[in-house]
Number of protein chains: 2
Amino acid sequence: MTNPRTGYPDGYLIYLIKQIDSGLRRPFDELISGHGISTAGYTALTVLQSRPGMTSSELARRTFVRAQTMAETVTSLTQAGYVRREKDPAHGLQILLYITDLGLERVAELAPEVAHLESDLVGALGEGEPAELIRALRACRDALAALSRDERPSV
Amino acid sequence: MTNPRTGYPDGYLIYLIKQIDSGLRRPFDELISGHGISTAGYTALTVLQSRPGMTSSELARRTFVRAQTMAETVTSLTQAGYVRREKDPAHGLQILLYITDLGLERVAELAPEVAHLESDLVGALGEGEPAELIRALRACRDALAALSRDERPSV
DNA sequence: GAAAGATTTCAGGTAACCTGCAATCGCAAT
DNA sequence: ATTGCGATTGCAGGTTACCTGAAATCTTTC
């Protein structure tokens, strides 16, 4: 009933994460809709901003979705002019993705509002706690990545 | 660009939460499908387990979804025999929800596997860190709840 | 007792996932 | 070299979990 690793009921951590994600969905969608971009698209765009030249499949692995799902997202971003596709000269098969100036513009436009929502989210936390929270969540994310590598090398 | 409250780029905390939620989706779905229950249904069921006698609308507020959405989930749980609906004698309109023995059975069945997934998730964290993480996430959840109360008293 | 608010229900729609299948290419081993 | 395997990409078809809109019923408030 009570998980010795967490000190709370089994599944409570997972429940909390799902609950927060659900609670973010609406305010987040409100922010970005009206800027001509979807939630999935925004996520992909921010990853491409910090890591230009990824393939769609790499992007899919990083965000824990199937390659086919990410391909759809990337297609609409490309059609909107936020992402540019370039054939990899070394790898005839792969197509490398780059965020365009227009894409950078959209992300920059949204940054203040996203930062504001994030500040609301951590508003009740004390000094240094948000950084600590992020550190812990990164460890969880990495654990999940290791899990999905082991269990489904590629489907 | 960098949020002074988090010490990380704007939106990174939100990104991490969405990423982890996405990473949990597949292993979690794998766990519970095959036990005749959906993700949304499982969530509602665990809440009803700890707080019997809620209305569907209350449940909706708690999980940050619209009342109509929760009504659908509750309908299928009722049809499956996991939830019992009882007219509130004091409030002719409200219908109170109770988890049934069958519902409790399903939740109990799944508890070990959910606990295992959760242990994997926090596997890289040190002594006492999971409890600290949960505490911080609860504060974030409460901040979100306050937000949604203020901005949309009820739509 | 009428207006305002909340709960429930029905109807219709969408975003973001999924599986399955096929074509193409790189790479390694026979 | 050719055969076979894994990875990337593309196309087709579904599902889940959300959403809005609108109406009926009941409670509360003025």
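Order of the sequence lines fixes the chain letters, A, B, ..., with proteins taken first and strands second; residue numbering starts at 1 for each chain.
- Regarding A/Ile95, its CD1 atom lies at a distance of 18 Å from the P atom of D/dA7, rounded to whole Å.
- Judged by closest nucleotide on DNA chain D, A/Ala67 is the one of B/Ala67 and A/Ala67 placed further toward the 5' end.
- Residue A/Thr75 is out of contact with every strand shown, counting any heavy-atom pair closer than 4.0 Å.
- In this structure, A/Ser38 reaches the C/dA16 phosphate: one of its side-chain N or O atoms is under 4.0 Å from OP1 or OP2.
- Residues from residues 40-48 of chain A that place a heavy atom under 4.0 Å from any atom of DNA chain C, listed by number: A/Ala40.
- For C/dT19, the OP1/OP2 oxygens have no side-chain nitrogen or oxygen of B/Arg26 closer than 4.0 Å.
- Distances shown here put a side-chain N or O of A/Ser57 below 4.0 Å from the OP1 or OP2 atom of D/dT9.
- Rounding to whole angstrom units, CE of residue B/Met70 and C1' of C/dA6 are separated by 17 Å.
- One atom, CZ of A/Phe64, and another, P of C/dA16, lie 19 Å apart when rounded to the nearest Å.
- Heavy atoms of B/Thr69 sit under 4.0 angstrom from at least one base atom.
- A straight line from CG of A/Leu59 to P of D/dG10 spans 14 Å, rounded to a whole angstrom.
- Remark: B/Arg135 does not engage B/Glu129 in a salt bridge, criterion side-chain N to carboxylate O under 4.0 Å.
- Interatomic distance, B/Ser57 OG to B/Gln94 CD, rounded to the nearest 0.5 Å: 8.0 Å.
- For B/Asp21 and C/dA16, the CG to P distance is 14 Å, given to the nearest whole Å.
- Looking at B/Phe28 and A/Ile14, their side chains come closer than 4.5 Å, going by heavy atoms from C-beta outward.
- If you check C/dT8, D/dT9, D/dT20 against the side chain of B/Gln68, the one that comes closest is D/dT20.
- Residue A/Ser22 is out of contact with every strand shown, counting any heavy-atom pair closer than 4.0 Å.
- Remark: side-chain polar atoms of A/Thr73 are not paired, donor with acceptor, to backbone N or O of A/Ala40 under 3.5 angstrom.
- No donor-acceptor pair closer than 3.5 Å links the side chain of B/Arg62 to the backbone N or O of A/Gln19.
- We find that CE of B/Met54 is positioned 16 Å from P of C/dA6, with the value rounded to whole Å.
- Checked by atom type and distance alone, the side chain of B/Thr75 pairs as donor or acceptor with a backbone atom of B/Ala71 at under 3.5 Å.
- Backbone-only contact: A/Thr39 has heavy atoms under 4.0 Å from sugar-phosphate atoms and none from a base.
- For the OP1/OP2 pair of C/dT7 and a distance below 4.0 Å, the side-chain nitrogens and oxygens of B/Arg61 include at least one atom meeting the criterion.
- Taking atom NZ of A/Lys87 as the reference point, atom C1' of C/dC25 lies 10 Å away to the nearest angstrom.
- Counting non-hydrogen atoms of other residues, nucleotides and ligands closer than 6.0 Å to NE2 of B/His116 gives a total of 12 or fewer.
- Separating the NZ atom of B/Lys18 from the P atom of C/dC17 is a distance of 10 Å, rounded to the nearest angstrom.
- In this model, a side-chain donor or acceptor of B/Glu72 finds a partner on the base of D/dC19 within 3.5 Å.
- Ion pairing between A/Glu109 and A/Arg106 holds under the 4.0 Å rule for side-chain N and carboxylate O.
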